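Let me begin by presenting the structure, written as structure tokens, before commenting on it.
Just so we're clear, the structure is a prediction, and the values are computed from it rather than from any experiment.
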Amino acid sequence: MRYDFDEPVSRRGTDSFKWDSAANGDVLPMWVADMDFRTAPAIVEALRRRVEHGIFGYTRVPDTYYDSVVRWFARRHGWTIDRLWIIYTSGVVPAISAVIKALTVPGDKVLVQPPVYNCFFSSIRNNGCEIVPSPLVHRGDTYGIDYEDLERRAADPGVKAMLLCNPHNPVGRVWRREELLRIGEICIRHDVVVISDEIHCELVFPGHVYTPFASLSDEFLQHSVTCISPSKAFNIAGLQIANIVCADAGRRVRIDRAINDNEVCDVNPFGVIATQAAYDRGGEWLDALIGYLQANYACMREFCERNLPDFPISRLEGTYLVWMDCRVLGRSSEELERQLIDRAGLWLNAGSMYGAAGEGFMRWNIACPRTTLIRGLHRFSDFVSAENPDVTRGLSS
């Protein structure tokens, strides 16, 4: 089946957080991490049948839900999950917060690798814990891990957990098996539990392989908790569903208690239905989506190399989030975000929201029709040309 990702779908006036948040209706939003594509037809059809029933009371999560999750990860990623390890909840961020609550006490320290997903910071703070950064190392057009720094920080007896982003948001890395092994060995050596956010695990480009952290060995499985959801890959974030995978029975009891304490133990029927449809019948659509996203990235990279050579973008191995180096402008990311909105009608994410290591960078969301992407790139290039003539080299023909 052919899927038309080029079709523009208007989201204005739908109370879209992404499209309806700007005061100026002409602002092009390329910030919030959801996609401007309709989800897989199998999901739409399953939801349509459920809506036609017309009653939307409290839902019971059926056995078939767990079966769908288990089959998908076995078939797609070679990871065998016992259904007893799965705890459902209303999203990956609530999941992360509940896991931190379950595995730490206020005053404990939690490792992160900035620049990294901004909600990591709030989840740690909201649980009364201290953030311990081990920044990634910027090398050319990609990022790596400073293992010596990671080991030094993990050795602090106050550090009880590490938040891992696999694949990584915002720098687009899909961590290789050997990288994950080194992270895990360090954390196990110092009794630091790995909490792995793997929400972008389906969005991996050809030539790269997503490796579930917990799949590397039984020791890794027992020393980690994994948070997953179909929400990013299938564009169903608003349906509010995610899963926590924890093999250690004692930790799982504590996490389940934290889920209930935080009142995120209930999910809605649409999330349950959509997850099953995605995992049971969405694979072909997902494959087509990944091909389109990779072509969007190639389009952006070519445009930037030709028209914006002073604004290099990081190599994208997975996700649909592109990390752009704007340090040549000599202004803060927050200031640049405001100026782009006000003067160019383009909304990007300020890199500084992902930690101090993101200062001077901007995050682009390229999960949109290619015409939208090109429009955004031209708005950015025109902004640079108009306001920074000494930086830009001008548009090529």
Side-chain angles (χ1 to χ4, degrees), residues 1-12 14 16-20 22 25-41 43-44 141 167 169-172 174 200 202-208 232-237 282-309 311-326 340-341 344-349 362-385 392 394-397:
M1 181 183 294
R2 183 181 181 276
Y3 303 100
D4 187 5
F5 298 105
D6 284 316
E7 178 191 3
V9 181
S10 176
R11 300 181 63 191
R12 294 201 191 277
T14 64
S16 162
F17 187 69
K18 179 180 180 180
W19 282 85
D20 290 330
D26 186 51
V27 169
L28 186 62
M30 302 184 74
W31 59 304
V32 177
D34 67 14
M35 300 190 285
D36 292 330
F37 311 122
R38 288 192 176 94
T39 189
I43 295 175
V44 174
D141 66 349
N169 167 20
V171 306
V174 176
H200 289 98
E202 311 302 343
L203 299 169
V204 173
F205 293 165
H208 304 278
K232 293 299 179 191
F234 291 94
N235 205 25
I236 54 173
E284 182 185 75
W285 179 89
L286 178 60
D287 291 339
L289 168 71
I290 291 169
Y292 191 88
L293 292 174
Q294 188 175 35
N296 264 8
Y297 171 67
C299 172
M300 181 174 183
R301 193 170 190 98
E302 180 184 359
F303 185 98
C304 291
E305 288 173 351
R306 186 175 67 247
N307 304 311
L308 296 164
F311 297 84
I313 60 175
S314 291
R315 185 192 320 151
L316 193 64
E317 300 173 353
T319 81
Y320 48 73
L321 304 166
V322 177
W323 191 239
M324 175 182 274
D325 186 345
C326 300
L340 284 168
I341 293 171
L346 177 66
W347 196 340
L348 306 178
N349 283 122
M362 302 297 287
R363 191 188 78 166
W364 292 68
N365 176 350
I366 64 168
C368 56
R370 198 152 303 136
T371 53
T372 303
L373 171 61
I374 292 170
R375 189 153 44 107
L377 288 168
H378 276 287
R379 289 191 183 192
F380 186 89
S381 186
D382 290 347
F383 167 84
V384 172
S385 297
T392 185
L395 287 172
S396 302
S397 59

Of the non-hydrogen atoms in [X] and [Y], which two are nearest, and what is the gap between them?
| X | Y | result |
| --- | --- | --- |
| Pro369 | Pro8 | CG-CA, 4.1 Å |
| Thr39 | Ile236 | OG1-CG2, 3.9 Å |
| Leu373 | Met30 | CD1-CE, 3.8 Å |
| Arg12 | Val27 | NH2-O, 2.7 Å |
| Met35 | Ala367 | CG-CB, 3.2 Å |
| Asn169 | Arg363 | OD1-NH1, 3.0 Å |

To the closest 0.5 Å, what do you measure between [atom1] ([X]) and [atom2] ([Y])?
| X | Y | atom1 | atom2 | value |
| --- | --- | --- | --- | --- |
| Ile290 | Leu203 | CD1 | CG | 6.0 Å |
| Leu346 | Met362 | CG | CE | 8.0 Å |
| Leu308 | Asp325 | CG | CG | 12.0 Å |
| Asn365 | Asn349 | CG | CG | 8.5 Å |
| Asp36 | Ile366 | CG | CD1 | 12.0 Å |
| Cys299 | Gln294 | SG | CD | 13.0 Å |

Identified ring pair (Phe, Tyr, Trp, His ring centres under 6.0 Å) partner of Trp347 from the options Trp19, Trp31, Phe17, Phe380: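 Among Trp19, Trp31, Phe17, Phe380, the one that satisfies the ring pair (Phe, Tyr, Trp, His ring centres under 6.0 Å) with Trp347 is Trp31.
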
Please assess Arg375 against Leu28 for the test side chain to side chain contact (heavy atoms under 4.5 Å, CB included), listing each intermediate value before the final yes or no. CA-CA 9 Å; Arg375 189 153 44 107; Leu28 186 62; 3.9 Å; yes

Decide whether a cation-pi geometry holds between Arg370 and Tyr292; the criteria are a distance under 6.0 Å from NZ or CZ to the six-membered ring centre and an angle within 45° of the ring axis.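 Flagged: Arg370 positioned over aromatic ring of Tyr292.
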
Would you indicate whether the side-chain heavy atoms of Pro167 and His208 approach each other to under 4.5 Å?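 Contact flag for His208/Pro167 side chains = no.
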
4.5 Å side-chain heavy-atom contact, His200 and Leu321: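 In contact.
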
Just do the side chain to side chain contact (heavy atoms under 4.5 Å, CB included) check on Arg315 and Tyr297 with the steps written out, would you? CA-CA 9 Å; Arg315 185 192 320 151; Tyr297 171 67; 4.3 Å; yes

Phe234/Leu289 under side chain to side chain contact (heavy atoms under 4.5 Å, CB included): CA gap, chis, key distance, verdict: CA-CA 9 Å; Phe234 291 94; Leu289 168 71; over 6 Å; no

Heavy-atom count check: over 12 atoms from other residues, nucleotides or ligands less than 6.0 Å from Arg38 CZ?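 Atom CZ in Arg38 is not packed in, count stays at 12 or less.
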
Got more than 12 heavy atoms from elsewhere within 6.0 Å of CD, Glu7?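 Yes.
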
Quick check: does any side chain N or O of [X] sit under 3.5 Å from a backbone N or O of [Y], one acting as donor and the other as acceptor?
| X | Y | value |
| --- | --- | --- |
| Tyr320 | Ala33 | yes |
| Asn296 | Cys368 | yes |
| Asn235 | Phe37 | yes |
| Tyr3 | Ala288 | no |

Is the centre of the Trp285 ring less than 6.0 Å from the centre of the Phe5 ring?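 Yes, the ring of Trp285 comes within the 6.0 Å limit of the ring of Phe5, centre to centre.
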
Give the intermediate values and the outcome of side chain to side chain contact (heavy atoms under 4.5 Å, CB included) for residues Leu348 and Met324. CA-CA 10 Å; Leu348 306 178; Met324 175 182 274; 5.7 Å; no

